[in-house]
Amino acid sequence: MVVTRFAPSPTGYLHIGGLRTALFNWLWARKNGGKFILRIEDTDLARNSEEATRAILEAFDWVGLDYDGDVAYQSKRFDIYKRYIDKLLKEGKAYYCYMTKEELDKLREEQIARGERPRYDRRYRDFDGEPPSGVEPVVRIKAPLEGNIVFEDGIKGTITIHADEVDDFIIARSDGTPTYNFVVAVDDALMGVTDVIRGDDHLYNTPKQIIVYRALGLRIPRFYHVPMILNEEGKKLSKRDGALDVMEYKRMGYLPEALLNFLVRLGWSHKDQEIFSLEEMKRLFDPHDINKAPSSYNLSKLDWLNSHYIKNKPNDELLPLLEEFGLYLSDHDRKEILLDALKERAKTLKELAEMAQGILEAPKEYEERALKKVTKGEWKEILERFVELLTAAQPHLPVDFHNLIEEVVREREIGFGKIGQPLRVALTGKLGGPDLADIMAVIGKDEVIRRVNHFIQLFG
RNA sequence: GGCCCCAUCGUCUAGCGGUUAGGACACCGCCCUUUCACGGCGGUGACGGGGGUUCGAGUCCCCCUGGGGUCGCCA
């Protein structure tokens with residue numbers, strides 16, 4: 001049985017790196033028919049916010065990741081942690097430290113001034129005198145004084161940390177609340193977590209957690225430390241980089257399957273394959289195949305993936321998604337033609353909605369470059385003849401409109417472009433876009449006539 | 001700065017001692033085409049540097065350089 005977990009702290013929105021970590025854990029659990037736990041790390045009462053938790057859940061919901069059981073909140077498990085802390089205290093594996101924050105800060109300053117690494121000096125480790133009054137003590141765990149802490153990382157291999165790199169870290173604050181490295185170990189053990197896949201910024205936490213596991217006699221899980229995602233300049237991701245919030249991608253018109261596909265390929269690969277459905281990921285993913293080097297993201301690949309998934313999405317699934325971008329097409333009897341023509345061209349849903357709007361609505365303005373190119377030669381007579389033919393006809397399908405254009409082309413012995421370009425600008429105000437016949441079939445005969453006549457009136 | 005981790009095209013990556021170093025995105029051509037896209041075809045482009053080991057190193061070892069992480073009563 002494989003049990004994985006995603007354990008964010010509720011300090012803000014779910015960002016892209018967090019989602020990748022969640023995805024890796026989710027995939028590994030699902031692949032093995034195991035369990036995936038969502039646990040909110042909110043032991044620091046001063047910092048957590050319910051809103052942040054909601055944001056994480058919302059993002060999970062959007063991309064379609066689920067979790068087993070209820071969301072676990074560490075803030076509701078304080079009594080459990082308390083029992084384990086008392087146990088360590090009683091067994092002499094942890095101790096009260098009466099050093100104040102001020103004293104600690106001073107010590108650190110002095111150490112830094114002396115060019116030493118700042119660390120607690122273990123002054124209360126074997127203290128048995130009279131504790132100073134008026135100081136609420138913290139609880140510190142006794143870390144080994146010598147030797148190495150060695151563990152096997154599923155991605156990076158054997159990691160060795162010298163004991164003197166790990167000091168007697170705090171497991172309970174002076175207000176009695178437990179701290180991160182302690183509760184993580186306790187919860188992972190209690191919840192039966194077998195595989196911990198997390199960012200490698202946690203690498204140095206692992207020896208600390210191993211100390212807790214050992215002190216408590218708990219089973220140590222397997223660790224996989226995933227290299228960080230860097231920004232496009234190869235630097236560490238920061239809020240200045242813009243869209244880090246997962247939900248921001250939704251607002252920009254990205255499909256969750258594209259985002260997930262993009263993320264899974266950041267650090268993980270399977271031969272030369274680029275496109276992975278969720279099912280394929282589930283079948284093929286293995287944390288051992290994760291790259292050891294950090295990776296930078298480049299959004300143009302996300303664009304490519306997104307356009308791929310848009311192209312392959314059935315129209316009836318696109319419809320409700322497009323409504324979020326103000327495009328209501330459900331009742332439009334030519335929606336299939338419109339969507340088929342547009343999904344080939346759009347990188348995002350937002351773009352698709354805008355392009356549709358640009359066809360459905362008569363142009364408010366005409367691109368200058370387009371006008372210049374098109375209002376030349378016989379354009380006016382050509383368009384007038386087209387309107388004449390159109391008025392007398394009863395076109396419905398794209399092919400009907402196409403035939404009408406062809407008739408003008410034959411009659412006047414001109415190239416298709418001679419009528420196509422002016423017509424296109426008259427209809428949309430632009431030089432580029434979907435097939436003219438499709439556009440006309442979508443807006444219908446009357447609207448075509450209206451737009452062309454208006455165009456002739458304006459510039460003729 | 002100490003400690004830990006890492007290093008193949010601009011980017012994501014394949015490679016697991018013998019390859020013309022492969023794929024994808026982006027970019028540039030050509031084709032398709034009424035246009036813009038899509039699509040097809042082709043192209044530019046990488047093993048950071050130096051030492052070893054070996055008949056033979058992108059692949060193994062060491063050093064350098066560069067990058068990242070971490071050093072909280074945050075997680």
Side-chain angles (χ1 to χ4, degrees), chain A residues 7-11 41-44 46-48 74 97 99-101 104-105 108 112 115-120 136-140 153 155-157 159-162 164-167 169-181 183-184 199-207 225 227-228 230 232 234-236 262 265-275 291-305 307-308 311 341-347 355 370 373-374 402 405 409 415-425 428 430-437:
Chain A
S9 62
T11 49
E41 310 255 319
D42 55 353
T43 58
D44 189 352
R47 292 198 193 203
N48 63 57
Q74 293 187 320
C97 168
M99 200 172 179
T100 64
K101 217 176 267 189
L104 232 193
D105 288 343
R108 265 199 274 264
I112 290 169
E116 294 170 13
R117 174 176 175 273
R119 49 159 8 184
Y120 173 62
E136 286 299 329
V138 299
V139 178
R140 288 180 181 272
D153 187 278
I155 295 171
K156 294 174 188 274
I159 306 289
T160 305
I161 309 276
H162 301 283
D164 55 308
E165 289 298 321
V166 186
D167 60 9
F169 60 95
I170 293 171
I171 59 174
R173 303 180 181 89
S174 44
D175 67 1
T177 57
T179 59
Y180 172 74
N181 282 117
V183 297
V184 165
D200 73 1
D201 50 339
H202 284 285
L203 198 68
Y204 177 72
N205 287 323
T206 307
H225 287 97
M228 304 275 88
L230 273 24
E232 291 184 275
K235 299 292 177 195
K236 183 188 172 187
F262 174 69
R265 284 286 289 103
L266 235 44
W268 177 80
S269 60
H270 177 74
K271 306 282 180 60
D272 281 341
Q273 190 170 342
E274 295 288 346
I275 306 288
N291 208 127
K292 285 152 85 159
S295 44
S296 308
Y297 67 84
N298 78 312
L299 268 357
S300 54
K301 193 151 189 174
L302 209 211
D303 281 342
W304 173 72
L305 283 165
S307 60
H308 168 84
K311 248 173 282 180
L342 257 24
K343 62 205 247 189
E344 298 274 293
R345 286 155 230 270
K347 285 194 171 67
M355 288 192 290
K373 185 168 179 183
V374 127
H402 184 81
I405 297 178
V409 166
F416 199 109
K418 276 274 182 281
I419 172 172
Q421 292 293 70
L423 184 53
R424 174 177 296 284
V425 175
T428 66
K430 297 184 194 67
L431 237 24
D435 188 279
L436 274 172

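Just so it is clear: chains get the letters A, B, ... in the order the sequence lines come, proteins before strands, and each one is counted from 1. The analysis underlying the following values was restricted to heavy atoms, covering all of them including side chains, and did not include hydrogens, waters or symmetry mates.
Between A:S295 and B:rC12, a side-chain N or O to OP1/OP2 separation shorter than 4.0 Å is absent. Between A:S296 and B:rC12 there is a side-chain N or O to OP1 or OP2 distance below 4.0 Å. A:S269 has no side-chain polar atom (N or O) that falls below the 4.0 Å cut-off from OP1 or OP2 of B:rC12. Not one side-chain nitrogen or oxygen of A:K301 sits closer than 4.0 Å to the OP1 or OP2 atom of B:rA24. Contact annotation: A:R117 does not reach the phosphate of B:rG1 (side-chain N/O to OP1 or OP2, under 4.0 Å).
The pairing partner recorded for B:rC73 is none, the criterion being a Watson-Crick or G-U wobble arrangement whose two distances lie under 3.5 angstrom. Pairing for B:rA14 is absent, judged as Watson-Crick or G-U wobble with the two contacts each under 3.5 Å. Partner assigned to B:rU35 is none, using Watson-Crick or G-U wobble distances below 3.5 angstrom. B:rG42: Watson-Crick or G-U partner is B:rC28, with both key distances under 3.5 Å.
As judged by a 4.0 angstrom heavy-atom cut-off over every strand, A:K311 is placed among residues touching the sugar-phosphate backbone only. Heavy atoms of A:R108 sit under 4.0 angstrom from primed sugar atoms or phosphate atoms, though from no base atom. Nucleic acid contact class of A:L431 (heavy atoms, under 4.0 Å, all strands): base. Counting any heavy atom pair closer than 4.0 Å across all strands shown, A:T160 reaches sugar-phosphate atoms only and no base atom. Among the protein residues, A:M355 comes within range of no part of the nucleic acid, since none of its heavy atoms lies under 4.0 Å from any strand. Base engagement by A:N205 is indicated by at least one non-hydrogen atom pair under 4.0 Å involving a base atom. Contact annotation for A:K101: base contact, defined as any heavy-atom pair under 4.0 Å involving a base atom. Counting non-hydrogen atoms under 4.0 angstrom, A:Y204 reaches the backbone sugars and phosphates but no base. Nucleic acid contact for A:L203: sugar-phosphate only, since backbone atoms but no base atoms lie under 4.0 Å from a heavy atom of the residue. The residue A:G267 sits close only to the backbone: its heavy atoms come under 4.0 Å of sugar-phosphate atoms, none of a base. Here A:I112 lies out of heavy-atom contact (under 4.0 Å) with every strand. A:N291 comes within 4.0 angstrom of sugar-phosphate atoms only, judged by non-hydrogen atoms across all strands, and of no base. The residue A:G433 sits close to a base: some heavy atom pair falls under 4.0 Å. Using a 4.0 Å heavy-atom cutoff across all strands shown, A:S174 reaches at least one base atom of the nucleic acid.
Of all nucleotides listed (B:rA37, B:rU34, B:rA75), B:rA37 comes nearest to the side chain of A:R345. Looking at the side chain of A:E41, the nearest of the listed nucleotides B:rC25, B:rG68, B:rA75 is B:rA75.
Judged by atom type and distance alone, A:E116 does not reach the base of B:rG2 through any side-chain donor-acceptor pair under 3.5 Å.
In this structure a side-chain-to-backbone donor-acceptor pair under 3.5 Å is missing from A:D200 to A:H225.
Nearest-nucleotide positions on RNA chain B for A:W304 and A:N181 put A:W304 closer to the 5' end. Along RNA chain B, the nucleotide nearest to A:A346 and the one nearest to A:K235 differ in position, and the one closer to the 5' end is contacted by A:A346.
Aromatic pair A:Y180/A:H202: centroids less than 6.0 angstrom apart.
A straight line from CZ of A:R265 to P of B:rA14 spans 7 Å, rounded to a whole angstrom. Atom pair A:I155:CD1 and B:rG69:P shows a separation of 17 Å (rounding to whole Å applied).
Annotation: A:K418, atom NZ; neighbour count of heavy atoms from other residues, nucleotides and ligands within 6.0 Å does not exceed 12. The environment of A:K347 atom NZ is sparse: at most 12 non-hydrogen atoms of other residues, nucleotides or ligands sit within 6.0 angstrom.
Side chains of A:M99 and A:V138 form no contact here, defined as non-hydrogen atoms less than 4.5 Å apart.
Cation-pi geometry between A:R140 and A:F169 is not satisfied (NZ or CZ under 6.0 Å from the ring centre, within 45° of the ring normal).
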message = Go through it in stages, so that I can follow the logic: the residues are A:L203 and A:I161, the test is side-chain contact (heavy atoms from CB on, under 4.5 Å), and I'd like the CA-CA distance, side-chain angles, deciding distance and then a yes or no.
response = CA-CA 10 Å; A:L203 198 68; A:I161 309 276; over 6 Å; no
